[in-house]
Peer 1: 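Dropping a structure here in structure tokens format, bear with me for questions.
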Amino acid sequence: MDQAKAWTRVRGNLRLSAGQRLFDQWLKPIVLIPGEDAETVRLGLPSAFMTNWVKNHYADRLMMEFRAQLPGVRTVSIETVDARATRELAAAAPVVAAAAPAAPSALAGAGERPNLDSRFTFDRFVVDTSNRLAFNAAKALAEPGKPRFSPLYLHSNTGQGKTHLMHAIGHAFMEACPDATAIYMPAERFMFEFVRAVRERDTYAFKARLRGVDLLMIDDLQFIAGKESTQEEFFHTVDEFMREGKRLVIAADRSPLALEGIEARLASRLGSGLAADIKPAELGLRRAILDRKLEDMPGATVPSDVLDLLAGRISSSVRELEGALNRLVAYAQLNNEIVTIAFAESVLGEALRGSQRRVTIDEIQKAVSSHFDVKQLDLVSQRRAVAIARPRQIAMYLAKRLTTRSLPEIGRKFGNRDHSTVIHAVRRIEELRGTDSEIDGAVRSLMRQLEA
């Protein structure tokens, strides 16, 4: 595959992951600059301001996307080119320019397939109790034949897998029914297309295109809150799909009746199908997601303790968790570094600290004393028996890893010990974790318990 074809796919993936508004404002203006170096991809933007923004926010993602298409790529250069040169490059590469998902292309015409992310399939969705209902409902709706329910309404906090399931439905349904038609679009795009149709006095064509498909998927419904005319049209679209027994999938950040600024009759219609919520991913699921994600990264090596660290610290969003792993692997590969705990904390410092629950030393001492069946007072005593000293060292190690306390502060919390004692304890446990599986297992278990 050449760089032009790879850029076509990368742009499509960026539009889907970033959303239409962000894509149109920052990513759509990017042009591919032709070059002879197969290891270097050059991308151009018309202003230094836009160049800096893309570098700061999307440099890692662009590298990962290009490497997924072209494993030989080593560098993605984001440069500023003048507006005239940008237009000339776009004109000189019509295939790439046309492949960028421009506004009108969000609506599939008759017989066309929706623009779906190839990564978002059912077999790549990791399931546990927090998302099992939504997953099973999505698979059921994608099956051929008369749907057992419609609409399917998926709701959760951002970044928990709603969009993944919607794309998976599209992939599975189109594979099972190759002659079927489907549309996937964010609610903002629905509103934009409807308003444009009204302005151009072409609402009939708009309605016919949407209501004529076999599967309609609308993402981020909360964005049409307060938009009365858009809600009116959407209500009639929902009504039409329900009346004809066709497949309709809707996703939002909360349940139908909890949506603010949504008309009561529309909320009632949305809740009349199957509403399935996706709860925040617990530690076990987050860890399994990282394992599954790592399988899709050929050549990437991330030790178990680093994966434990990411799963334990980044709990707010699956999307953020996967993004952290992408960033970590990209930095390691680009700089020929070995991924370690220290490297991960250096690269992902803010992300790890921002998501970290504030663990106290008292909580650590209680957890350690319970795990090793010793008294908490023994951990701060002067007793030196191995049965007490080793748990004490583990507690000091965890205090250094999981809190922001200084070494002297940690020492004071353990019977007014000197900071050098804490340093010795931390180093000793680090050594034992590499040679003693029981110590390593105990530390892992305690970290999961304290960070959960």
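Only this structure's heavy atoms are used, side chains among them; waters, hydrogens and symmetry mates stay out.
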Peer 1: Is there a side-chain contact between T75 and D37 in this structure, where contact means two heavy atoms from C-beta onward sitting under 4.5 Å apart?
Peer 2: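 The answer is no, as the side chains (C-beta and beyond) never meet within the 4.5 Å cut-off.
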Peer 1: Any chance NZ of K293 has more than 12 other-residue heavy atoms, nucleotides or ligands included, within less than 6.0 Å?
Peer 2: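 Counting other residues, nucleotides and ligands, NZ of K293 exceeds 12 neighbours.
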Peer 1: Not counting sequence neighbours, which residues clear side-chain hydrogen bond (donor to acceptor under 3.5 Å, both in side chains) with R74? List them please.
Peer 2: none
Peer 1: Can you find a heavy atom in the side chain of W53 that is under 4.5 Å from one in the side chain of Y58?
Peer 2: yes
Peer 1: Taking atom NZ of K279 and atom CG of D128, what is their separation to the nearest 0.5 Å?
Peer 2: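 The NZ atom of K279 sits 10.5 Å away from the CG atom of D128.
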Peer 1: Just by modelled atom types, is the V73 backbone N or O under 3.5 Å from a matching donor or acceptor in the R67 side chain?
Peer 2: yes
Peer 1: Is there a side-chain contact between Y397 and L446, using heavy atoms and a 4.5 Å cut-off?
Peer 2: no
Peer 1: What distance do L290 atom CG and S304 atom OG have between them, rounded to the nearest 0.5 Å?
Peer 2: 11.0 Å
Peer 1: Looking only at atom types and distance, does a side-chain atom of R11 sit under 3.5 Å from a main-chain N or O of K28, one as donor and one as acceptor?
Peer 2: yes
Peer 1: Kindly compute the distance separating CD1 (I410) from OG1 (T403), expressed to the nearest 0.5 Å.
Peer 2: 4.5 Å
Peer 1: Can you give me the closest heavy-atom contact between R254 and Y153, atom names plus distance?
Peer 2: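 Closest approach of R254 to Y153: O-OH, 2.8 Å.
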Peer 1: Is the shortest side-chain heavy-atom distance between R401 and I341 below 4.5 Å?
Peer 2: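 Answer yes - side chains close enough.
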Peer 1: For D220 and T163: C-alpha separation, side-chain torsions, deciding distance, then whether side chain to side chain contact (heavy atoms under 4.5 Å, CB included) applies.
Peer 2: CA-CA 9 Å; D220 292 324; T163 299; 5.6 Å; no
Peer 1: Count the heavy atoms belonging to other residues, nucleotides or ligands that lie under 6.0 Å from NZ of K227, then report whether that count exceeds 12.
Peer 2: yes
Peer 1: Working to the nearest 0.5 Å, report the span between OG of S346 and CG of L328.
Peer 2: 10.0 Å
Peer 1: Of L154, D253, L259, which is the lone residue that meets side chain to side chain contact (heavy atoms under 4.5 Å, CB included) with L221?
Peer 2: L259
Peer 1: Is the shortest distance from a Lys or Arg side-chain nitrogen in R269 or D239 to a carboxylate oxygen in the other one below 4.0 Å?
Peer 2: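 Yes, this pair counts.
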Peer 1: Decide, yes or no, whether a salt bridge links R287 with D308 under the criterion of side-chain N to carboxylate O below 4.0 Å.
Peer 2: yes
Peer 1: Below 30° counts as parallel, above 60° as perpendicular, anything between as tilted: where do the rings of F122 and F135 land?
Peer 2: perpendicular
Peer 1: Is it true that R286 and S315 share a donor-acceptor pair across their side chains at a distance under 3.5 Å?
Peer 2: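 No, no side-chain donor-acceptor contact under 3.5 Å.
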Peer 1: If every non-hydrogen atom of A281 is compared with every non-hydrogen atom of Q160, which pair is closest and at what distance?
Peer 2: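 Closest heavy-atom pair between A281 and Q160: N-OE1, 3.5 Å.
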Peer 1: Hey, what do you get for CZ (R319) to CD1 (I289), rounding to the nearest 0.5 Å?
Peer 2: 12.0 Å
Peer 1: Grab the two heavy atoms, one from A288 and one from V126, that are nearest each other, plus how far apart they are.
Peer 2: CB-CG1, 3.7 Å
Peer 1: Measure the shortest side-chain to side-chain distance between F190 and I183 over non-hydrogen atoms and say whether it is less than 4.5 angstrom.
Peer 2: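 No. Closest side-chain heavy atoms not under 4.5 Å.
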Peer 1: Specify the closest pair of heavy atoms between P280 and N157, including all atoms of both residues, with the distance to one decimal.
Peer 2: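 Heavy atoms only, the tightest pair is CG-ND2, 4.3 Å.
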Peer 1: For V306 and F343: C-alpha separation, side-chain torsions, deciding distance, then whether side chain to side chain contact (heavy atoms under 4.5 Å, CB included) applies.
Peer 2: CA-CA 9 Å; V306 175; F343 180 76; over 6 Å; no
Peer 1: Does E260 CD have over 12 foreign heavy atoms under 6.0 Å away?
Peer 2: no
Peer 1: How about P186 and F223: do any of their side-chain heavy atoms sit closer than 4.5 Å?
Peer 2: no
Peer 1: Under 6.0 Å from the CZ atom of R444, do we count more than 12 heavy atoms belonging to anything else shown?
Peer 2: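 Enclosed.
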Peer 1: Is there a donor-acceptor pair under 3.5 Å between the side chain of K162 and the backbone N or O of S156?
Peer 2: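 The answer is yes, because a donor-acceptor pair under 3.5 Å joins these two groups.
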Peer 1: Considering residues, nucleotides and ligands other than R292, do more than 12 of their heavy atoms fall under 6.0 Å from its CZ?
Peer 2: yes
Peer 1: Using every non-hydrogen atom in the two residues, find where A276 and A134 come nearest and quote the distance to one decimal.
Peer 2: CB-CA, 3.8 Å
Peer 1: Could you tell me if the side chain of M217 sits less than 4.5 Å from the side chain of L141, heavy atoms only?
Peer 2: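 When only atoms from C-beta onward are counted, M217 and L141 do not touch, as no gap falls below 4.5 Å.
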Peer 1: Roughly how far, to the nearest 0.5 Å, is the NZ atom of K413 from the CD1 atom of I361?
Peer 2: 6.0 Å
Peer 1: Does the cation-pi check pass for R327 over Y331, that is, NZ or CZ under 6.0 Å from the six-membered ring centre and within 45° of its axis?
Peer 2: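 Because its charged atom sits under 6.0 Å from the ring centre and within 45° of the axis, R327 does stack over Y331.
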Peer 1: State whether the number of non-hydrogen atoms from other residues, nucleotides or ligands found under 6.0 Å of E228 atom CD is greater than 12.
Peer 2: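 No, CD of E228 has 12 or fewer neighbouring heavy atoms, counting only those of other groups under 6.0 Å.
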Peer 1: When you look at D362 and T360, which way does the side-chain hydrogen bond (donor to acceptor under 3.5 Å, both in side chains) test go after all the steps?
Peer 2: CA-CA 5 Å; D362 184 62; T360 67; 5.1 Å; no
Peer 1: Locate the shortest heavy-atom distance separating L321 from L310; write the atom from each residue and the value.
Peer 2: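 Distance-wise, the nearest heavy atoms are CD1-O, 3.5 Å.
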Peer 1: Apply side chain to side chain contact (heavy atoms under 4.5 Å, CB included) to residues R313 and L402 and explain how you reach the verdict.
Peer 2: CA-CA 10 Å; R313 298 279 185 90; L402 302 181; 4.1 Å; yes
Peer 1: Output, in order, the C-alpha distance, side-chain angles, deciding distance and verdict of side chain to side chain contact (heavy atoms under 4.5 Å, CB included) for K207 and E233.
Peer 2: CA-CA 9 Å; K207 295 175 182 179; E233 175 59 29; 3.0 Å; yes
Peer 1: Q231 side chain to E263 main-chain N or O, any donor-acceptor pair under 3.5 Å?
Peer 2: yes
Peer 1: Could you pull out all residues at least two apart from K139 that satisfy salt bridge (charged side-chain N to carboxylate O under 4.0 Å, His left out)?
Peer 2: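 By the salt bridge (charged side-chain N to carboxylate O under 4.0 Å, His left out) rule, K139 matches no residue at all.
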Peer 1: Taking the side chain as C-beta and beyond, is there a heavy-atom pair between M185 and D219 under 4.5 Å?
Peer 2: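 A side-chain contact is absent here, since even the closest heavy-atom pair is not under 4.5 Å.
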Peer 1: May I ask you to decide if D117's main-chain N or O and H167's side chain share a donor-acceptor pair within less than 3.5 Å?
Peer 2: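 Between the backbone of D117 and the side chain of H167 there is a qualifying donor-acceptor contact (under 3.5 Å).
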Peer 1: Could you tell me which residues satisfy ring pair (Phe, Tyr, Trp, His ring centres under 6.0 Å) with H236, sequence neighbours excluded, listed by chain and number?
Peer 2: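 Not a single residue meets the ring pair (Phe, Tyr, Trp, His ring centres under 6.0 Å) criterion with H236.
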Peer 1: Give the ring-plane orientation class for F66 versus W7, where under 30° counts as parallel, over 60° as perpendicular and anything between as tilted.
Peer 2: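 Taking W7 first and then F66, their aromatic rings lie parallel (interplane angle under 30°).
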Peer 1: May I have the step-by-step check of salt bridge (Lys or Arg N to Asp or Glu O under 4.0 Å) for E430 and R433, ending in yes or no?
Peer 2: CA-CA 5 Å; E430 285 179 343; R433 289 193 68 184; over 6 Å; no
